[in-house]
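Input: a single structure, listed below in structure tokens.
The figures here come from the full heavy-atom set of this structure, side chains too, leaving out hydrogens, waters and symmetry mates.
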Number of protein chains: 4
Amino acid sequence: MSNVSNDKHTAILDAAHTLFGSSGFYETKMSDVAEKAGIAKGTVYLYFKSKEDLFMAVTRRDCEGYLQQLENKLQDHTTFTDKLSVIAEHHMFYYYERKQHTKLFFLAPNNNPELVAYMALFMEQYMQAVVKVLLEGRASEPELMAQSYIGMLDRLKMDILFDPSFTEADAFKRAKFAASLFSKGAMNNLHPAEDDKENNIANEDIE
Amino acid sequence: MSNVSNDKHTAILDAAHTLFGSSGFYETKMSDVAEKAGIAKGTVYLYFKSKEDLFMAVTRRDCEGYLQQLENKLQDHTTFTDKLSVIAEHHMFYYYERKQHTKLFFLAPNNNPELVAYMALFMEQYMQAVVKVLLEGRASEPELMAQSYIGMLDRLKMDILFDPSFTEADAFKRAKFAASLFSKGAMNNLHPAEDDKENNIANEDIE
Amino acid sequence: MSNVSNDKHTAILDAAHTLFGSSGFYETKMSDVAEKAGIAKGTVYLYFKSKEDLFMAVTRRDCEGYLQQLENKLQDHTTFTDKLSVIAEHHMFYYYERKQHTKLFFLAPNNNPELVAYMALFMEQYMQAVVKVLLEGRASEPELMAQSYIGMLDRLKMDILFDPSFTEADAFKRAKFAASLFSKGAMNNLHPAEDDKENNIANEDIE
Amino acid sequence: MSNVSNDKHTAILDAAHTLFGSSGFYETKMSDVAEKAGIAKGTVYLYFKSKEDLFMAVTRRDCEGYLQQLENKLQDHTTFTDKLSVIAEHHMFYYYERKQHTKLFFLAPNNNPELVAYMALFMEQYMQAVVKVLLEGRASEPELMAQSYIGMLDRLKMDILFDPSFTEADAFKRAKFAASLFSKGAMNNLHPAEDDKENNIANEDIE
DNA sequence: TATGAATGAGTGTTCATTCAT
DNA sequence: CATGAATGAACACTCATTCAT
């Protein structure tokens with residue numbers, strides 16, 4: 001029962017993820033979702049109470065997967081610079097692998113407090129994950145630093161959407177660029193008192 | 001004559017800017033725009049041939065104003081660091097002053113090639129303006145640097161949308177933070193010829 | 001299942017036939033059609049993809065029924081004169097029985113190539129049905145003759161529309177008149193080989 | 001004053017005749033009429049109080065011209081057969097010369113009693129003109145005969161609308177065909193008591 | 001559970017008409 | 001008389017949602 005249910009539940013989420021992602025919330029019809037999921041229109045409503053509810057679920061699954069995968073990758077690395085690179089690469093490639101449907105975040109339904117709240121929560125969690133890494137590098141203003149890093153990556157990722165000739169190598173190059181640029185900036189932003197020593201350590205990390 | 005015409009044209013653009021910005025494209029009704037502009041529904045169509053056309057016009061005016069003001073401010077400053085600060089402050093305050101309707105870029109109509117093309121153009125122009133400044137600081141990879149800076153600022157600005165207690169002082173603080181952080185990162189990324197040792201280390205990192 | 005579907009399909013066609021017929025294409029609202037058919041507005045679009053599509057379907061059904069009934073009646077009669085009468089009576093009474101909605105052909109949507117093509121096809125088929133009968137009477141120029149007969153009947157039918165006191169007896173009288181008048185005209189227009197003298201005179205007239 | 005007024009009045013009627021004729025009542029916009037007439041939109045309303053009023057005026061002028069020209073042509077001919085031919089040719093060529101805008105009668109606005117009444121009046125007048133000729137041929141049932149003749153001509157004219165290769169020669173041929181066919185039918189329809197004598201006279205007419 | 005036929009509220013757009021200039 | 005900017009009623013069509021089967 002729960003299996004059957006889960007199969008359809010997942011099929012709907014998958015279909016919705018693809019369609020919302022490529023066409024946006026408003027340009028995606030519930031009937032399209034049902035068709036892509038291989039079920040009847042009415043069935044979607046057995047699993048999700050409304051289109052907005054479905055969008056929330058898609059967003060939630062997407063964001064949770066994003067954070068989960070990031071945590072997993074971070075656990076496999078130990079040095080500060082490695083971790084910065086992991087964050088950058090994860091950010092770039094998560095979108096690169098989803099080229100077709102990265103419009104998602106551009107087209108959320110407005111005025112939905114639940115969604116806005118969730119997006120804020122996601123941002124907070126993502127930021128905290130980055131902050132945790134930054135604190136290992138003893139950066140001051142870690143929250144602003146984390147936001148900056150995320151923003152940098154987010155923009156560097158943009159060309160994936162606009163430039164059809166964007167390659168995997170481009171994604172790698174940008175990830176490295178961001179990590180390198182940021183580690184330097186971050187390094188220069190250490191807590192004053194600890195500047196000398198830490199900086200040496202940091203530089204060793206980098207080398 | 002041309003004034004009367006311009007008055008209504010402007011009134012519509014203003015109304016649309018506010019409404020599209022706060023409710024998004026799809027949740028904004030043409031009748032709302034008309035009402036807010038103080039004219040009849042049909043009149044809107046005397047000035048803009050469709051809702052999408054109106055959205056394009058709003059976007060275009062907004063983006064052009066953004067770039068124009070930025071250029072003006074940059075001309076009043078001479079040093080590299082000053083200019084970086086000007087960019088950061090302009091980015092933060094342009095949105096800060098438009099708190100009410102900054103959802104604009106989240107809710108563009110999908111699949112409108114004209115709009116996508118224009119947004120790409122805007123990004124290119126914005127980036128080039130930043131690149132021009134960065135070249136004065138002799139940064140290498142100026143385009144990636146510029147995108148990074150813009151992305152950083154864009155994310156730092158986000159809390160304006162989510163955090164109602166966000167103050168003007170916060171905006172200033174973030175602008176300074178970004179400029180400072182970035183100028184250091186940029187400094188570490190100078191052309192090899194002029195910054196032998198540091199740059200070599202950095203390049204080894206990347207390669 | 002298929003019955004339910006057909007029931008609604010038919011109900012919509014019936015409602016549309018009446019409304020298009022009495023008010024014309026442009027003065028008939030889809031909501032009126034739905035209301036008269038006893039269903040919701042949206043349901044009409046489950047069966048017909050647009051107002052024009054519905055109009056085409058109504059026209060097609062009407063014309064096909066017209067021709068089908070004519071063929072059936074013709075099969076029950078053998079002599080040339082009988083068949084001419086059948087054509088005349090069918091023409092008169094088909095419209096007489098549809099008094100309320102014979103404005104149909106006056107108010108087709110313009111510039112619809114599909115409709116124009118279909119009307120041309122209908123005319124061709126109707127004409128050929130009459131031609132077939134006329135050939136039994138060995139008329140020369142059967143196509144012009146057929147068109148003439150149809151035109152004659154069409155005009156004689158007009159008063160049904162304009163004259164509220166038009167009776168069934170009037171319809172009969174006119175049918176007989178047309179058949180009689182035309183059969184004499186047709187008789188005078190036989191193939192030369194079989195009607196030497198008369199035909200020669202007629203040909204001289206024409207040349 | 002009256003001249004200037006008349007110029008515009010006529011220009012509007014001409015423009016409207018062309019547009020209503022080629023696109024029909026509903027597909028013709030008042031702004032198109034104004035533009036084609038070379039005047040401002042509002043000016044149309046100084047001469048005609050509404051779109052329907054304009055349509056009425058166009059129809060009236062067209063029909064009156066039709067009848068007037070027919071009367072003129074009939075006065076130039078004396079014999080019965082000549083007059084029948086004149087009617088036929090006039091009917092064919094009036095439409096032939098207006099190929100581009102013969103949709104006129106197909107697309108009148110429904111439910112306009114004034115228009116319906118006028119069309120009935122026109123038909124009555126046209127019919128009476130034909131009746132007058134027929135009476136010279138001493139036909140019985142002259143009204144039905146007249147309607148038949150008109151209907152015949154009307155249908156024979158139809159191909160002008162549908163067949164782009166329809167030539168002036170085709171129009172002539174059909175006019176002759178109708179006149180010839182009808183004169184024979186009419187001749188056979190003389191008042192019984194006078195059949196013999198009149199028939200001879202009629203035949204002499206034809207020869 | 002699953003279906004898909006039916007619903008009907010909602011909205012972009014048109015265009016005949018008006019009226020201040 | 002002439003203009004054309006402004007009006008706003010009107011309508012086809014869409015699509016999220018429901019519910020009888």
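A close approach under 4.0 Å does not occur between any side-chain nitrogen or oxygen of D:Lys41 and OP1 or OP2 of F:dG4. At least one side-chain nitrogen or oxygen of B:Tyr47 sits closer than 4.0 Å to the OP1 or OP2 atom of F:dA6.
Ring orientation note: the planes of B:Tyr26 and A:Tyr26 are close to parallel, at an angle under 30° on the 30°/60° scale. Ring geometry for B:Tyr47 versus B:His9: interplanar angle over 60°, hence perpendicular rather than tilted (30 to 60°). Between A:Tyr94 and A:Tyr66, the ring-plane angle classifies as perpendicular under the 30° and 60° cut-offs.
Separation of atoms CG (D:Leu54) and OG1 (D:Thr59) is listed at 9.0 Å; rounding is to 0.5 Å.
We find that CD of C:Glu35 is positioned 13 Å from P of F:dC11, with the value rounded to whole Å. In this structure, CD1 of D:Ile12 is placed 14 Å from P of E:dT17, rounded to the nearest angstrom. Rounded to whole Å, the distance from NZ on A:Lys49 to C1' on F:dT17 is 13 Å. Regarding C:Lys8, its NZ atom lies at a distance of 11 Å from the C1' atom of F:dA20, rounded to whole Å. Between A:Asp32 atom CG and F:dC15 atom C1' there is a gap of 10 Å when expressed in whole angstrom units. E:dA6 atom C1' lies 15 Å from atom CG of C:Asp7, rounded to whole Å. Taking atom OH of residue D:Tyr45 and atom C1' of nucleotide F:dA5, one finds them 15 Å apart after rounding to whole Å. For the pair D:Tyr26 OH and E:dA16 P, the computed distance is 12 Å after rounding to whole Å.
Nearest nucleotide to the side chain of A:Met30, out of F:dA16, F:dC13, E:dT3: F:dA16. Of the candidates E:dT11, E:dT3, F:dT3, the closest approach to any side-chain atom of B:Lys29 belongs to E:dT11.
For C:Glu64, the CD atom counts as densely surrounded, since its 6.0 Å shell holds more than 12 non-hydrogen atoms of other residues, nucleotides or ligands.
Pair assignment for F:dA2: E:dT21, on the basis of Watson-Crick or G-U wobble contacts that are both within less than 3.5 Å.
Each of A:Ser31 and C:Lys51 was assigned the nucleotide of DNA chain F with the nearest heavy atom; the assignment lying further toward the 5' end belongs to C:Lys51. Each of A:Thr28 and D:Gly42 lies near DNA chain F, and the nucleotide nearest D:Gly42 is the one positioned closer to the 5' end.
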